[in-house]
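This report concerns only the one structure given below.
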Amino acid sequence: MPITVTSPLLPDLNEFNELLGQIWDSKWITNNGSFHKKLEAALCEYLKVPYVSLFTNGTLPLLTALQALRVTGEVITTPYSFVATTHSIWWNGCRPVFVDIDPATGNIDPDRIEAAITPKTTAIMPVHVYGKPCDTKRIQEIADKYGLKVIYDAAHAFGVEVNGESILNAGDMSTLSFHATKVYNTIEGGAMVMHDAETKKRIDYLKNFGFANEVEVVGPGINSKMDEIRSAYGLLNLRKVDTAIEARHQVAIRYREALRGIEGITFFDDMPGVRHNYSYFPVFVDEEKYGMTRDELYFKMKENGVLGRRYFYPLISEFSTYRGLPSATRENLPNAHKMADSVICLPMHHALKSEELEQIISIVSQQ
Ligand code: T4K
């Protein structure tokens, strides 16, 4: 059996069957049912945020956030992410403007944002990549100075806190992905976090075609409602997520202990004051020092049954839809290119066995 980059956290099957029985009996299977309501409330409490609106995946809340905030023109964003981030800007008829990343975090470099602002800029869409918090204070200062909206793609940042406060409270809105490959999953799923009840109401309309009531549609909404089955699954997984994050933490500790000091391999350490979720474990290969290219290591791992992933290579700015944009040039994005060309995400999940972990370590450390 190959060792995959991740493995989904699954609820207890008997408990899930019990909840399925309740759903069958109720015959209420989607459209803001009781499990949907319960999961939204439970997530508010767990995540320490005031309002959560559930979605069917992590892409549609991005699309909906831009629409709800009436974002137009240009949106400043990072090329170092999953392609859904930029697609959401494109789907709203806006132009993505790529800004380079800070090599210390992988996140958009606040020092480079102002130079990318034009009279057409209306919003910034940063990503807490791998769950590492962006410099939200600096980004907000810039947004306030120029009157811009800030929508955080927090797909990787479930449960991440800075000095005891949820990172999801930053900006105008934050979005989450609950895809199977994430720390916390509802199979497919996602959510938006917002600050006030009025915005939550509007978002709830927009994810239900824009319906405010039976006869009134308040905007060109979409259908992105989470159903009762996934909501029930999500409630059960919420009970297990802390244990899963702690198991991931132990994996990170072992990786760091074993890989620190290997010439040509670097990785991120924990940031002070941050509760991390250990959603990914990216390592960066310096081929000169390591004596092997990133791809040579990637394929060597693969031949040995270890399926690491090159998240996020290629950069979004290299895909055909985006590479013609003025901000997509290699010269504009040197740090992002360097990171994308050197990264491998090692397998990281709650159920990784210690013998699997040691096998991965022995390949990377070339023993
Ligand atoms: N913004 C950001 C920053 C994101 O990273 C993402 C998604 C989004 C927005 C959009 O959120 P969603 O609309 O997806 O909710 C995966 C995920 O599909 C995607 O959710 C994720 N980011 C992205 C980084 O990774 P793939 O194509 O690499 O996944 P896949 O199918 O190759 O799976 C990887 C490994 O996971 C497999 O080798 C084995 C394991 N796996 C996967 C699945 C689906 C399982 O063990 N069981 C499973 O059911 O994209």
Side-chain angles (χ1 to χ4, degrees), residues 1-11 53-66 75 77-91 96 98 101 105-108 125-134 151-158 160 167-168 171 173-193 207 222-226 230 233-234 237 244 248 277 279-282 298 301-302 305-316 319 336 339-340 343-353 356 360:
M1 281 287 275
I3 306 172
T4 51
V5 72
T6 190
S7 179
L9 180 66
L10 294 167
S53 183
L54 289 170
F55 278 74
T56 45
N57 57 49
T59 303
L60 287 166
L62 286 169
L63 240 77
T64 306
L66 290 164
V75 179
T77 190
T78 169
Y80 194 78
S81 180
F82 188 60
V83 73
T85 311
T86 312
H87 280 350
S88 72
I89 298 169
W90 203 255
W91 270 86
F98 297 113
I101 58 166
T105 61
N107 292 327
I108 194 166
M125 184 178 276
V127 179
H128 303 294
V129 77
Y130 308 129
K132 287 179 74 66
C134 289
I151 299 137
Y152 282 99
D153 181 341
H156 304 170
F158 185 89
V160 173
I167 193 74
L168 304 171
M173 291 167 182
S174 292
T175 66
L176 289 159
S177 166
F178 301 156
H179 183 258
T181 54
K182 299 292 188 286
V183 167
Y184 168 80
N185 82 86
T186 58
I187 305 176
E188 292 276 354
M192 191 191 294
V193 172
K207 76 177 185 194
I222 203 156
N223 181 6
S224 187
K225 294 166 268 111
M226 184 180 282
R230 285 182 182 79
Y233 175 109
N237 255 358
R248 287 168 172 270
N277 65 9
S279 48
Y280 295 87
F281 196 85
Y298 171 76
M301 285 167 55
K302 209 169 185 177
V306 176
L307 308 182
R309 292 296 291 267
R310 290 166 290 182
Y311 298 133
F312 289 98
Y313 166 85
L315 291 178
I316 302 174
F319 293 127
M339 197 167 272
V343 68
I344 303 182
C345 286
L346 300 183
M348 165 54 90
H349 58 84
H350 67 288
L352 202 61
K353 298 191 191 89
E356 293 173 326
I360 300 159

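Along the sequence shown, the residues carry numbers beginning at 1. This structure is a prediction, so every number in the text was calculated from the model and none was measured. Atoms within each ligand, like the ligands themselves, are counted from 1 in listed order.
- Below 30°, between 30° and 60°, or above 60°: for Y152 and H128 the angle between ring planes is below 30°, a parallel geometry.
- Closest to atom 47 (N) of ligand 1 by heavy atom, among P8, S88, S7, G131, is P8.
- Contact annotation for Y311 and ligand 1: only side-chain heavy atoms (C-beta onward) come within less than 4.0 Å of the ligand.
- When only interatomic distances are considered, the shortest N/O to N/O separation between A84 and ligand 1 does not fall below 3.5 Å.
- If you look at T59 next to ligand 1, the close heavy atoms, those under 4.0 Å, come from the backbone and the side chain alike.
- Taking the ring axis of F55 as reference, the NZ or CZ atom of K207 stays within 45° of it and closer than 6.0 Å to the ring centre.
- Note: Y311 and F82 fail the aromatic proximity criterion, with ring centroids not under 6.0 Å apart.
- Put simply, atom 31 (O) of ligand 1 has no protein non-hydrogen atoms near it, under 4.0 Å away.
- Here the closest heavy-atom approach between residue I167 and residue P133 is recorded as CD1-CB, 3.5 Å.
- The closest approach between T6 and ligand 1 falls below 4.0 Å for a heavy atom of the residue.
- Annotation: atom 1 (N) of ligand 1 to nearest protein heavy atom, D153 OD2, 2.7 Å.
- Between R309 and ligand 1, a contact under 3.5 Å exists for at least one N or O pair.
- Contacts of Y130 with ligand 1, taken as heavy-atom pairs under 4.0 Å, are absent altogether.
- One distance of note links CG of L307 with CD1 of I344; it measures 12.0 Å at 0.5 Å rounding.
- Taking the six-membered ring where the residue is Trp, H156 and Y130 present parallel rings, their angle staying beneath 30° rather than reaching 60°.
- For a threshold of 3.5 Å applied to N or O pairs, the pair formed by S81 and ligand 1 contains no separation below that value.
- The proximity of H156 to ligand 1, defined as any non-hydrogen pair under 4.0 Å, is limited to the side chain.
- Contact detail for L168 and V193: the closest heavy-atom pair is O-CG1, 3.6 Å.
- Which of H128, K182, H179 comes nearest to atom 44 (C) of ligand 1 through a heavy atom is settled by distance: it is H179.
- A donor-acceptor contact closer than 3.5 angstrom links the side chains of H179 and T181.
- Residues S224 and T56 have side chains that bring a donor and an acceptor to within less than 3.5 angstrom of each other.
- Of the protein's heavy atoms, T181 OG1, 3.9 Å lies nearest to atom 16 (C) of ligand 1.
- Among G190, G308, A180, P347, the residue whose heavy atom sits closest to atom 48 (C) of ligand 1 is A180.
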